[in-house]
Number of protein chains: 2
Amino acid sequence: MPSYQPKRPLTLRDVSEACGVSEMTVSRVLRNRGDVSAPTREKVLKAARSLGYVPNKIAGALASQRVNLVGVIIPSLSNMVFPEVMTGISEVLDGTDLQPVVGVTNYSPDREESVLYEMLSWRPSGLIIAGLEHTDASRAMLAQSNVPVVEIMDIDGTPLDSAVGISHRRAGRQMAEAIVAAGYRNIAFLGTQMPNDHRARKRLEGFEEELARHGLSLVDREFYSGGSALLKGREMTQAILQRSPETDFLYYSNDMIGAGGLLYCLDAGLDVPGKIGLAGFNGTELLDGISRKLATMDACRLEIGRRAAEIISGKHSTGTAGGAFIELFPTLQPGDTIRKI
Amino acid sequence: MPSYQPKRPLTLRDVSEACGVSEMTVSRVLRNRGDVSAPTREKVLKAARSLGYVPNKIAGALASQRVNLVGVIIPSLSNMVFPEVMTGISEVLDGTDLQPVVGVTNYSPDREESVLYEMLSWRPSGLIIAGLEHTDASRAMLAQSNVPVVEIMDIDGTPLDSAVGISHRRAGRQMAEAIVAAGYRNIAFLGTQMPNDHRARKRLEGFEEELARHGLSLVDREFYSGGSALLKGREMTQAILQRSPETDFLYYSNDMIGAGGLLYCLDAGLDVPGKIGLAGFNGTELLDGISRKLATMDACRLEIGRRAAEIISGKHSTGTAGGAFIELFPTLQPGDTIRKI
DNA sequence: GAGCGGTATGTGAGCGCTAACAGCGGGAGA
DNA sequence: TCTCCCGCTGTTAGCGCTCACATACCGCTC
C-alpha cells in the first residue's frame with residue numbers, strides 16, 4: 001500500500017494524478033456515468049483501488065444537488081413492528097442507489113421535530129415518516145423542504161403528500177365485531193400508556209365505537225408503560241381478572257402483552273377460549289411457537305415498508321402529480337383464542 | 001408564510017437578505033458560534049424561523065471538514081440484541097451533537113464491505129462496528145480512512161483501533177462450567193446456522209473446550225436458519241429429544257430459541273430442571289414473563305453501546321494515543337432451568 | 001478532402017457553506 | 001490625545017466534487 005505522504009485525505013486529484021487522466025474522467029469511472037474507454041476505466045479503477053480511495057459524497061452531493069439518502073423517521077426500534085417496516089424498505093431500496101437513514105423519536109413530537117430538522121438539513125431525496133400527526137413546525141418544515149414525503153402506518157387523517165397504511169380505527173372495529181359475534185360480552189382492554197401512540201388510540205376508539213353499536217362498553221381497562229411487555233401483559237391480566245372477574249374477553253393493544261396475558265391464563269388453568277378469549281394486534285411472527293396461537297390482526301408492516309420505498313424510489317407510478325394514497329387491509333387471524341362461532 | 005418566489009431552496013443568503021446582515025453572521029447565529037449581539041441574534045432567528053430555513057449540512061460539512069455523524073454497522077435489527085446496543089449508543093450521543101447512522105449487514109462480509117464504503121464516503125466522525133472479523137478490503141478502507149473505529153460485542157481477537165465487548169469464548173466456558181457443576185452430563189447444543197456469526201461460534205468453541213476439560217463432549221447438536229426463533233426452538237428441541245433421548249441439558253445460542261425450547265419442555269410435561277436443564281444467551285428482558293425463567297448470560301449490550309459511544313464522543317479519556325480496549329464481564333443468571341447445586 | 005456524427009476526454013465555474021482574517025467603532029489606560 | 005484592545009460584523013477564499021460545455025480525434029460518406 002503506497003502511502004508515502006503523511007496521511008492526508010485522498011481526493012479525486014490524487015487518483016487522477018496516479019493514473020494520468022483528468023479528475024473528471026476519474027469521477028466518470030467511479031460513478032459509471034458517461035462514456036469512458038475500457039482501458040482508461042481499468043487504469044482508473046486500479047489506481048483508485050490501490051490507493052484505497054473512497055469518494056467524498058459530501059462534495060459530490062453539494063456539486064450535484066443530489067443525495068442518495070432516504071430519511072426514515074419512526075417512534076421506536078424496540079418493539080418488533082418497526083424493524084419489520086425497515087426490512088420492507090430495505091428490500092426495495094437495495095435495488096436502487098438509495099440508502100435509508102433512520103431516526104427514532106421515542107413517540108415524542110418534539111424529538112420528531114428535531115430529528116426531522118436534522119434529517120432535512122442533509123437534503124435527503126425522500127422521507128418516510130410514521131404517522132399523520134406532527135407539530136406545526138414539523139409540517140411547515142416538510143412543506144418548505146420540497147422533499148417527497150410518505151407518511152406510513154396510518155391513513156385515518158390527512159396526509160401531507162403520500163401515505164401508505166391501514167385504518168387503525170377500522171381494525172379496532174373489525175376486531176370488536178368478531179369478538180361480539182363470537183358471543184363475548186364482558187370485554188376489557190389492556191394497552192400502553194402512551195398519549196402519542198395515535199394508532200393504538202385510534203384502534204381503541206374504533207373498538208369502542210363498534211362495541212357501542214352493539215350496546216356494549218368496556219368492563220375494565222388497564223394501561224402500562226415501560227418494562228418487559230410479556231411480563232406486563234401477565235401482570236395486567238392478573239390485575240384485571242382479579243378486579244373484574246366477570247370479564248370474558250381481553251383485547252390487547254399489541255401481541256407482546258397479549259402473549260403475556262395468554263401465558264398467564266394458561267398457567268392459571270383458565271379455559272381459553274371457552275371461558276375467556278384474548279386478542280392482540282400486529283401479527284407478530286416472533287410469537288409463533290407459543291402453545292396456543294393468539295388471535296391477532298396483521299398490520300401489513302412489511303408491505304407498508306415496501307410500498308413506501310417504492311413511492312420514494314419512483315417505482316410507484318403515481319398518475320402524475322400529487323401524492324399517492326395507499327390503503328392496505330389487515331386480515332384477522334382468529335388463532336386459538338377466540339371461540340369459533 | 002411569505003414565499004413569493006416559485007419554490008427555490010433557501011440558502012443562508014436568503015436569510016441574510018431578509019434581515020439585513022451578512023451570511024457569516026447568520027451562520028454564526030445558527031451555529032451558536034462566535035460573538036453576536038443579542039439584538040442581531042434575535043433578528044436573525046426570527047427571519048430564519050419565518051422563512052422556514054433549514055441549514056444545508058452538506059455544504060457546511062464540506063466547508064468545515066466536520067460531520068456530526070457516527071456510523072454504526074451491525075449485522076441485524078431483527079433479533080433483539082442490536083436495538084439494545086443502539087439504545088446505549090443513542091443515550092450517550094444524545095448528550096452531544098453527534099448523530100448515529102445505522103447500516104445493516106445481514107451477517108454478510110460483502111454487505112459489510114459495501115455498507116462501510118457507503119458510510120466512509122460520508123466522512124463520519126466515528127464508526128462503531130460489530131465484530132472483529134472483516135474482509136481485507138474493509139480493513140484497508142478503515143485504516144486509510146483515518147476515522148476513529150470502535151469494534152463492539154467481541155474482544156476475542158485483535159482490534160483495529162478501539163474495542164468494547166465481552167469474551168464469548170469465556171462466556172461459553174463459564175456456562176459449560178455451571179452446567180457440569182450442576183451435574184448434567186448429556187449436553188446438546190442448539191443454535192443458528194450462520195457461518196458468519198463469529199460470536200455464536202466462539203461461544204460454542206469455549207463451551208466445548210470446557211466440556212472437554214471435564215472429559216465430556218456434546219451428545220447432539222442442531223442448527224436452524226430463518227423463521228420464528230421461538231417456533232424453531234420448539235421444533236429443534238423436539239427433534240433433539242427424539243433423536244437423543246438421553247440428553248439432560250440443552251444449551252441454546254440465544255434466549256429466543258431457548259424460550260421456544262422451554263415452552264416445549266413445559267408443554268410436554270418434562271421435569272425442568274430436574275430431568276432436563278436449559279440455558280440460553282443474551283439476558284433478553286423481553287422474555288421475562290414466561291412462567292419459568294430461562295438460565296442465561298447477560299451480554300452487556302446496553303453497556304457496550306454506551307461505552308462505544310463514549311469513546312467516539314471523546315468522553316472516554318483514553319490515556320492519549322491508541323485505541324481503548326474495554327472488556328466487560330457478563331454475569332450468569334441461573335434462572336429456574338438449571339438445578340441448584 | 002471537406003464535412004459530418006460519434007466517442008472519448010478535458011476545462012471552468014460554482015454548489016452553500018465556514019475558516020481565517022480584516023475592519024470598525026468605542027471605552028480604558030498611558 | 002493616542003494607543004490598544006475588545007466586541008461585533010464583514011470579506012475572501014476555498015472545501016471536493018459535478019455540470020455544462022468545449023475540444024480532440026476517429027472513421028465515414030459524398
Side-chain angles (χ1 to χ4, degrees), chain A residues 8-45 47-48 51-69 97 118 120-125 144-146, chain B residues 8-45 47-48 51-69 97 118 120-125 144-146:
Chain A
R8 184 180 48 76
L10 292 171
T11 71
L12 264 193
R13 154 150 261 115
D14 294 300
V15 181
S16 81
E17 281 172 357
C19 60
V21 299
S22 72
E23 297 178 40
M24 194 60 228
T25 302
V26 178
S27 168
R28 279 195 265 256
V29 171
L30 265 27
R31 287 180 300 147
N32 272 316
R33 206 166 297 258
D35 300 312
V36 181
S37 69
T40 311
R41 154 169 276 108
E42 284 314 310
K43 202 167 51 174
V44 169
L45 284 176
L51 290 172
Y53 173 70
V54 177
N56 185 332
K57 286 224 173 166
I58 304 211
L62 182 61
S64 66
Q65 307 280 52
R66 265 186 282 99
V67 179
N68 69 337
L69 262 26
D97 64 342
E118 185 70 22
L120 287 179
S121 76
W122 288 100
R123 304 291 189 266
S125 46
Q144 177 60 241
S145 72
N146 226 355
Chain B
R8 182 180 50 76
L10 293 170
T11 72
L12 264 193
R13 153 151 263 116
D14 294 299
V15 181
S16 81
E17 280 171 358
C19 61
V21 299
S22 72
E23 298 177 41
M24 196 60 228
T25 302
V26 178
S27 167
R28 278 196 267 255
V29 171
L30 264 28
R31 287 179 299 147
N32 273 317
R33 206 166 297 258
D35 301 312
V36 181
S37 70
T40 312
R41 154 170 275 106
E42 285 313 311
K43 203 167 52 174
V44 169
L45 284 176
L51 290 173
Y53 174 70
V54 177
N56 185 332
K57 287 225 173 163
I58 303 206
L62 182 62
S64 67
Q65 307 280 52
R66 265 185 282 101
V67 179
N68 69 337
L69 262 26
D97 64 343
E118 186 70 23
L120 287 179
S121 75
W122 289 100
R123 304 291 188 266
S125 45
Q144 177 60 241
S145 72
N146 226 354

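Any value given below was found using the heavy atoms of this structure, including those in side chains, with hydrogens, waters and symmetry copies removed. Each chain gets a letter, A, B and so on, in the order its sequence line appears, and its residues count up from 1.
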Note, [X] side chain near [Y] side chain (heavy atom, < 4.5 Å):
X      : Y      : result
B:K57  : A:I58  : no
B:W122 : A:N56  : no
A:T11  : A:D14  : yes
B:N68  : A:E118 : yes
B:V15  : B:L51  : yes

If only side-chain N and O atoms of A:Q65 are considered, is one of them under 4.0 Å from the OP1 or OP2 phosphate oxygen of C:dG16?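 Affirmative; the distance criterion is met.
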
So does B:T25 get a side-chain nitrogen or oxygen closer than 4.0 Å to the phosphate oxygens (OP1/OP2) of D:dG10?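 Yes, because at least one side-chain N or O of B:T25 sits under 4.0 Å from OP1 or OP2 of D:dG10.
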
Report the distance from atom CG of A:L12 to atom OH of A:Y53, rounding to the nearest 0.5 Å.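 Result: 4.0 Å between the selected atoms.
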
What string of B, S and - do you get for nucleotides 17-22 of chain C, 5' to 3', when a contact is any protein heavy atom under 4.0 Å? BBBB--

Tell me the interatomic distance from A:L30, atom CG, to D:dG16, atom P, rounded to whole angstroms.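 For the pair A:L30 CG and D:dG16 P, the rounded distance is 16 Å.
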
Distance-only, no hydrogens or angles: does the A:S64 side chain make a donor-acceptor pair with backbone N or O of A:G60 under 3.5 Å?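 It does hold such a pair.
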
Any salt bridge linking B:D35 with B:R28? Criterion: basic side-chain nitrogen under 4.0 Å from a carboxylate oxygen.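 Salt bridge absent between B:D35 and B:R28.
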
Heavy-atom pair of closest approach, residues A:S125 and A:V67: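 Closest approach of A:S125 to A:V67, heavy atoms only: OG-O, 2.9 Å.
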
Measure across A:N32 and A:R41 and return the closest heavy-atom pair with its distance rounded to 0.1 Å.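 What the structure gives for the nearest pair is OD1-NH2, 3.3 Å.
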
Bend angle of the helix from C:dG1-D:dC30 to C:dA30-D:dT1, from helix axes over five pairs at each end, nearest 10°: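 The end-segment axes of the helix from C:dG1-D:dC30 to C:dA30-D:dT1 are tilted 50° relative to each other.
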
Look for any protein N or O under 3.5 Å of an N or O in nucleotides 4-8 of chain D and output each such pair with its distance, or none.
none

